[in-house]
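Worth knowing before you read on, the calculation uses all heavy atoms, side chains too, and leaves out hydrogens, waters and symmetry mates. Below, chains carry the letters A, B, ... as their sequence lines are ordered, and counting in each starts from 1.
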2 protein chains.
Amino acid sequence: MVTIKDVAKKADVSVATVSRVINGLGGVRPATEERIRKAVEELNYLPNVIARSMVMKRTETIGVIVPDIANPFFPEVIKGIEEQARDSGYTLFLANTDESVEKERQLLHALRERRVDGLIVTTADEQHSPLMDLELGGLPVVLVDRHIQDSPYDSVVIDNVDGAYTAIKHLVTTGHTKIGLIAGPDHVTPGRERTEGYVQALRDFEIPARDQYMKEGDFKEESGYQLGKELLSLSDPPTAIFSANNLMTLGLLTCIRDQGRELGKDIVVVGFDDLDIATFVDPPLTVVSRPMRQMGEIAADMLVERIQGKTFPEPRKVILIPRLIVRSPDRVE
Amino acid sequence: MVTIKDVAKKADVSVATVSRVINGLGGVRPATEERIRKAVEELNYLPNVIARSMVMKRTETIGVIVPDIANPFFPEVIKGIEEQARDSGYTLFLANTDESVEKERQLLHALRERRVDGLIVTTADEQHSPLMDLELGGLPVVLVDRHIQDSPYDSVVIDNVDGAYTAIKHLVTTGHTKIGLIAGPDHVTPGRERTEGYVQALRDFEIPARDQYMKEGDFKEESGYQLGKELLSLSDPPTAIFSANNLMTLGLLTCIRDQGRELGKDIVVVGFDDLDIATFVDPPLTVVSRPMRQMGEIAADMLVERIQGKTFPEPRKVILIPRLIVRSPDRVE
DNA sequence: AGTATTAATGTAAACGTTTACATAGTAATT
DNA sequence: AATTACTATGTAAACGTTTACATTAATACT
């Protein structure tokens with residue numbers, strides 16, 4: 001491997017001078033610079049970032065920890081992070097926890113050893129994140145999508161209450177009063193908050209909440225199917241159903257088809273999070289959509305600020321507002 | 001930051017001894033080791049991998065370059081890579097080229113500067129990959145999904161010919177003789193080879209290939225829609241259509257619905273690559289599916305072997321066989 | 001032309017490890 | 001008890017940069 005010394009020798013200068021032109025610090029005579037550039041070129045010299053990191057005490061590197069890279073949400077977020085981070089000269093370490101706290105702990109360890117300048121993480125467990133009991137020694141961290149209560153970290157999340165509220169409001173204003181809910185688990189924020197939005201909207205529009213219209217699922221496809229079936233077979237079934245995430249929406253749609261109900265006519269569906277088939281089903285699906293890419297961008301920006309030493313009296317919490325994408329009349333007769 | 005020196009001082013030994021216990025090299029008296037471990041613990045010492053890389057001349061790091069992380073194929077591949085790589089102690093740098101050769105060049109440069117021990121890449125352009133004109137200085141590289149002609153790199157790809165052949169064979173054995181093709185672009189391997197499989201199968205089963213049944217798309221959804229329309233409006237339309245990738249299949253399905261044709265009855269569809277909606281449409285879709293995860297695992301394994309210095313007379317090319325997932329009778333009356 | 005000033009370049013320490021080699025300590029052998 | 005043979009530990013160089021500081025060369029000023 002050719003080093004800065006080889007270049008120096010070839011250009012007949014000292015390593016300091018070579019370093020100066022490589023880093024564009026100026027104060028080098030044009031003729032000298034020319035000679036050095038030629039040497040770099042001819043020797044095919046590639047600066048060793050590792051050695052540089054060593055003395056600079058920073059690696060220009062960001063660790064990204066996600067619970068499931070196969071969930072379409074995260075690739076979009078990562079895209080946002082990457083683009084923004086790259087603009088600031090950072091490269092990403094990517095790691096996948098598979099929703100396992102233990103893996104999260106190991107990955108955190110590995111990335112800290114690698115001396116990342118900062119971390120962007122969606123923790124596997126809001127309640128027992130290793131981020132909390134680990135001694136991070138001031139390493140900047142930004143949380144994405146999942147907020148950790150009382151943590152000292154910045155975070156960028158979605159206003160789940162608002163998202164759900166808007167969805168229900170849409171259904172109410174299109175004439176529905178019998179609105180079912182397929183909720184997420186109550187012990188995680190997205191689950192709890194989306195239910196909260198539903199309840200709040202009903203209250204505001206003075207629609208009595210009926211217990212039998214509210215079913216709690218687990219964010220998995222199967223529960224959407226199952227709970228959809230329960231809702232549809234009520235003696236007085238809802239005319240519309242709000243499903244709290246994409247997978248459950250998928251299950252719900254399958255259920256509706258299997259039950260021989262007609263979408264948009266017998267039953268109207270609005271889901272949280274957009275999905276591929278939303279534009280494919282007939283009529284297309286109205287959904288609550290999140291700015292995933294933007295979440296990544298913001299997270300990266302906030303992290304870079306922290307890395308650059310900016311401080312704030314409180315951890316920052318950016319709450320983005322989801323958008324309702326109306327794709328159908330969704331009217332009730 | 002606490003360093004090995006601090007530990008040494010606290011445990012009243014030399015840094016060499018500390019290094020020995022950290023790396024488990026043995027030859028240290030139990031009492032001494034105990035003292036050192038305690039010091040490590042108390043000081044919360046975290047070895048600096050950067051410094052280690054410096055002297056070891058390897059970073060235990062792999063660069064992964066993909067053209068589009070939002071394409072569901074890649075997260076699966078990455079999962080496979082990551083799992084396998086982690087077992088061997090490697091951490092991944094992830095980078096996204098957005099199908100841009102220029103970005104690929106930049107990323108290659110950045111990762112080489114970072115001294116990755118090896119690269120796994122799906123190049124943005126098989127014909128003009130920067131991997132070919134760049135002086136990589138013997139850096140191990142494994143190609144995934146897209147093979148580069150005459151390159152010195154190992155690769156793991158799919159037998160596209162076989163995949164398409166199997167799909168057509170399935171259609172023939174379920175009674176179809178009028179089989180349409182929505183092909184991928186002829187200038188990229190997956191496009192060309194899948195068409196080849198189609199043609200070969202027809203020949204083997206002695207079904208005359210009709211020009212008007214073969215339409216070339218661009219792997220995008222819209223072309224699936226458009227070409228589907230063309231095929232369906234022929235005076236003697238095919239009874240089955242093979243679509244060469246997931247997005248075009250999606251377009252085709254939308255088209256079929258819009259045209260008021262009944263899937264599985266008026267027209268049978270088989271697609272290359274599985275998709276979410278395959279199990280959702282009625283009847284569910286028969287598809288050619290690839291072992292994405294496995295592709296990643298194999299790529300990682302091959303790369304690690306190369307990193308460890310294994311050599312082979314020829315670049316290795318692993319060709320995986322796709323699997324036909326039959327989800328419907330797909331019979332023709 | 002000689003000095004003062006500024007611009008260009010060089011020297012060497014530092015970053016935090018690993019490891020070859022040297023040294024000190026301990027146990028075994030006579 | 002003295003020598004030998006290990007075993008445990010320490011010393012210092014090396015990895016490839018950056019940069020404070022020292023030095024030298026070039027330019028400006030009288």
Side-chain angles (χ1 to χ4, degrees), chain A residues 1-40 43-61 89 110 112-117 137 139, chain B residues 1-40 43-61 89 109-117 137 139:
Chain A
M1 267 286 92
V2 16
T3 78
I4 201 174
K5 277 190 195 159
D6 301 318
V7 176
K9 198 174 301 173
K10 177 140 193 168
D12 197 33
V13 293
S14 73
V15 294
T17 307
V18 176
S19 175
R20 276 187 273 259
V21 347
I22 287 170
N23 296 95
L25 300 185
V28 174
R29 228 174 333 165
T32 316
E33 170 154 359
E34 175 56 29
R35 228 175 335 131
I36 292 172
R37 294 216 178 281
K38 214 178 98 208
V40 165
L43 293 176
N44 221 301
Y45 168 67
L46 199 66
N48 186 325
V49 175
I50 297 295
R52 173 182 294 157
S53 297
M54 183 89 200
V55 9
M56 303 293 260
K57 289 162 159 317
R58 53 196 156 82
T59 55
E60 318 261 67
T61 263
R112 273 173 7 100
E113 278 192 337
R114 297 218 128 92
R115 293 301 194 267
V116 293
D117 292 337
L139 182 66
Chain B
M1 266 289 87
V2 18
T3 79
I4 201 174
K5 276 189 195 161
D6 301 318
V7 176
K9 199 173 301 172
K10 176 139 194 170
D12 197 32
V13 293
S14 74
V15 294
T17 306
V18 177
S19 175
R20 277 187 274 259
V21 346
I22 286 171
N23 298 94
L25 300 185
V28 174
R29 227 178 327 169
T32 317
E33 170 154 359
E34 175 55 29
R35 233 180 326 136
I36 291 172
R37 294 215 178 281
K38 212 178 100 208
V40 165
L43 293 176
N44 223 302
Y45 169 67
L46 198 66
N48 186 327
V49 175
I50 296 294
R52 173 183 294 155
S53 297
M54 182 93 201
V55 8
M56 303 293 260
K57 287 162 160 315
R58 54 196 156 82
T59 56
E60 317 262 64
T61 264
H109 185 83
L111 292 176
R112 271 169 15 95
E113 278 193 337
R114 295 218 129 92
R115 294 299 192 269
V116 293
D117 292 338
L139 182 67

Which nucleotide, [options], lies nearest any side-chain atom of [X]?
{"X": "B:Ser19", "options": "D:dT18, C:dT18, C:dT17", "value": "C:dT18"}
{"X": "B:Val55", "options": "D:dG16, D:dC15, C:dG10", "value": "D:dC15"}
{"X": "B:Asn48", "options": "C:dT17, D:dG16, C:dT18", "value": "C:dT17"}
{"X": "B:Ser14", "options": "C:dT19, D:dT11, C:dT17", "value": "D:dT11"}
{"X": "B:Thr32", "options": "D:dT9, D:dG10, D:dT18", "value": "D:dT9"}
{"X": "A:Met54", "options": "C:dA12, C:dC15, C:dT17", "value": "C:dC15"}

Quiz prompt | Beyond-backbone contact of B:Leu43 with B:Lys10, side-chain heavy atoms, under 4.5 angstrom | solution = yes
Quiz item: Does A:Pro47 reach the side chain of A:Arg52, with side-chain heavy atoms less than 4.5 Å apart?
Solution: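 A:Pro47 vs A:Arg52: side chains touch.
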Quiz item: Of B:Arg29 and A:Thr3, whose closest DNA chain D nucleotide lies nearer the 5' terminus?
Solution: B:Arg29
Quiz item: So, are A:Glu33 and A:Arg37 salt-bridged, with charged N and O less than 4.0 Å apart?
Solution: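 Looking at A:Arg37 together with A:Glu33, the answer is yes, because their closest N to O distance falls below 4.0 Å.
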Take the protein atom [atom1] of [X] and the nucleotide atom [atom2] of [N], then report the distance between them rounded to whole Å.
{"X": "B:Ile4", "N": "C:dT19", "atom1": "CD1", "atom2": "C1'", "value": "11 Å"}
{"X": "A:Arg20", "N": "C:dT11", "atom1": "CZ", "atom2": "C1'", "value": "11 Å"}
{"X": "A:Leu25", "N": "D:dT17", "atom1": "CG", "atom2": "P", "value": "15 Å"}
{"X": "A:Arg35", "N": "C:dA8", "atom1": "CZ", "atom2": "P", "value": "14 Å"}
{"X": "A:Asn23", "N": "D:dA20", "atom1": "CG", "atom2": "P", "value": "13 Å"}
{"X": "B:Lys5", "N": "C:dT18", "atom1": "NZ", "atom2": "C1'", "value": "13 Å"}
{"X": "A:Met56", "N": "D:dT19", "atom1": "CE", "atom2": "C1'", "value": "9 Å"}
{"X": "A:Glu113", "N": "C:dG16", "atom1": "CD", "atom2": "P", "value": "16 Å"}

Practice problem: Heavy atoms only: give me the nearest A:Met1-A:Asp6 pair and the separation to one decimal. | Solution: O-OD2, 4.0 Å
Quiz item: Would one find a side-chain N or O of A:Thr17 under 4.0 angstrom from OP1 or OP2 of C:dA8?
Solution: no
Quiz prompt | Residue-phosphate contact under 4.0 Å: A:Lys57 side-chain N/O, C:dG16 OP1/OP2 | solution = yes
Practice problem: Determine yes or no for a side-chain-to-main-chain donor-acceptor pair under 3.5 angstrom, with B:Arg20 supplying the side chain and B:Leu25 the backbone. | Solution: no
Exercise. Determine whether any donor atom in the side chain of B:Arg115 lies under 3.5 Å from an acceptor atom in the base of D:dG16, or the reverse, and answer yes or no.
Key: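 A donor-acceptor contact between them is absent.
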